[in-house]
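Structure first, commentary second.
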Amino acid sequence: MADYEAIGKAFVDHYYLLFDTERPSLRTLYEPTSLLSFEGQQFQGVDEISTKINGLPFDQCRHLISTIDSQPSAITGGILVFVSGSLQLAGEEHPLRFSQVQLK
């Protein structure tokens, strides 16, 4: 079995580096069947998800990761990754808490 914790951490490091520095590049990490649920709305597919992520009302941010929990999924070779942390927006004093689940 692959080291799913190390793979999950590597994915999280890569994802949030892109989110914080090169957000349009995140589209390469999504597939036509990918689904993003965000504040009660759902976005499916590369184009819808990319439009939502790139349309967020802030340009600069920095994710501070608190926890990464990874486990093998029922999909052969898949990994379920749960991330929690805070998001520091440029010009804001207080960070925002966030959590995200990814199935890769």
Side-chain angles (χ1 to χ4, degrees):
M1 175 188 254
D3 184 356
Y4 56 86
E5 290 179 354
I7 295 169
K9 182 181 182 326
F11 174 78
V12 167
D13 291 346
H14 179 66
Y15 183 91
Y16 290 107
L17 176 66
L18 289 179
F19 195 108
D20 294 350
T21 63
E22 202 176 322
R23 202 175 308 166
S25 295
L26 285 175
R27 75 178 291 113
T28 63
L29 301 178
Y30 291 99
E31 301 174 4
T33 57
S34 296
L35 179 68
L36 170 69
S37 296
F38 184 85
E39 296 181 344
Q41 295 180 306
Q42 292 186 336
F43 306 89
Q44 185 159 11
V46 176
D47 290 337
E48 282 189 23
I49 293 171
S50 294
T51 298
K52 177 60 182 174
I53 290 173
N54 292 316
L56 291 171
F58 53 87
D59 291 327
Q60 296 179 339
C61 66
R62 184 170 53 106
H63 286 84
L64 305 167
I65 306 302
S66 299
T67 63
I68 303 171
D69 294 312
S70 303
Q71 63 187 37
S73 75
I75 297 172
T76 303
I79 298 174
L80 182 70
V81 182
F82 177 79
V83 181
S84 67
S86 58
L87 173 67
Q88 184 68 54
L89 300 177
E92 294 292 326
E93 182 179 347
H94 302 288
L96 304 168
R97 299 288 301 156
F98 81 93
S99 61
Q100 184 171 358
V101 176
Q102 295 271 346
L103 177 60
K104 281 313 238 180

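- Here the straight-line distance linking atom CD1 of I7 with atom OG of S70 works out to 9.0 Å at 0.5 Å rounding.
- Distance OG/S25 to CG/L18: 5.5 Å, rounded to 0.5 Å.
- Taken from OG1 in T28 to CD in E22, the straight-line distance is 9.0 Å, to the nearest 0.5 Å.
- Minimum interatomic distance between I79 and S73 (heavy atoms only, all atoms of both residues): N-OG, 3.9 Å.
- Legend: residues meeting side chain to side chain contact (heavy atoms under 4.5 Å, CB included) with Q44, ordered by chain and number and at least two apart, are L35.
- With sequence neighbours left out, the ring-ring contact (aromatic ring centres under 6.0 Å, His included) criterion links F82 to no other residue.
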Atom pairs and distances, donor-acceptor, side-chain atoms in residues 88-97, under 3.5 Å, two or more places apart:
from: Q88; atom 1: NE2; to: E92; atom 2: O; distance (Å): 2.5
from: R97; atom 1: NH1; to: G85; atom 2: O; distance (Å): 3.3

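- No side-chain heavy atom of E48 sits less than 4.5 Å from a side-chain heavy atom of S34.
- With 3.5 Å as the limit, one finds a donor-acceptor pair spanning the side chains of S84 and T67.
- Atom CG of L26 is separated from atom CG of N54 by 7.5 Å, given to the nearest 0.5 angstrom.
- No side-chain heavy atom of L36 sits less than 4.5 Å from a side-chain heavy atom of Q42.
- Across every non-hydrogen atom of V46 and P32, the tightest pair is CG2-N, 4.1 Å.
- By the salt bridge (charged side-chain N to carboxylate O under 4.0 Å, His left out) test, D47 is found to be paired with R27, residues two or more places apart in sequence or in another chain being considered.
- Among all heavy-atom pairs drawn from G8 and V81, the shortest one is CA-CG2, 3.9 Å.
- Residue R23 comes nearest to L56 through the heavy atom pair NH1-CB, 3.8 Å, listed as atom of the first residue, atom of the second, then distance.
- No chain of hydrophobic side-chain contacts below 4.5 Å, direct or via other Ile, Leu, Val, Met, Phe, Trp or Tyr residues, connects Y15 to L17.
- Residues satisfying the ring-ring contact (aromatic ring centres under 6.0 Å, His included) criterion with Y16, sequence neighbours excluded, are H63, F98.
- The ring pair (Phe, Tyr, Trp, His ring centres under 6.0 Å) pairs that include a residue from residues 30-58 number zero, where partners must be two or more places apart or lie in different chains.
- In this structure, the separation between CG on L29 and CD1 on I53 is 9.0 Å, given to the nearest 0.5 Å.
- Put simply, CD1 on I65 and CG on D13 are 8.0 Å apart, with the number rounded to the nearest 0.5 Å.
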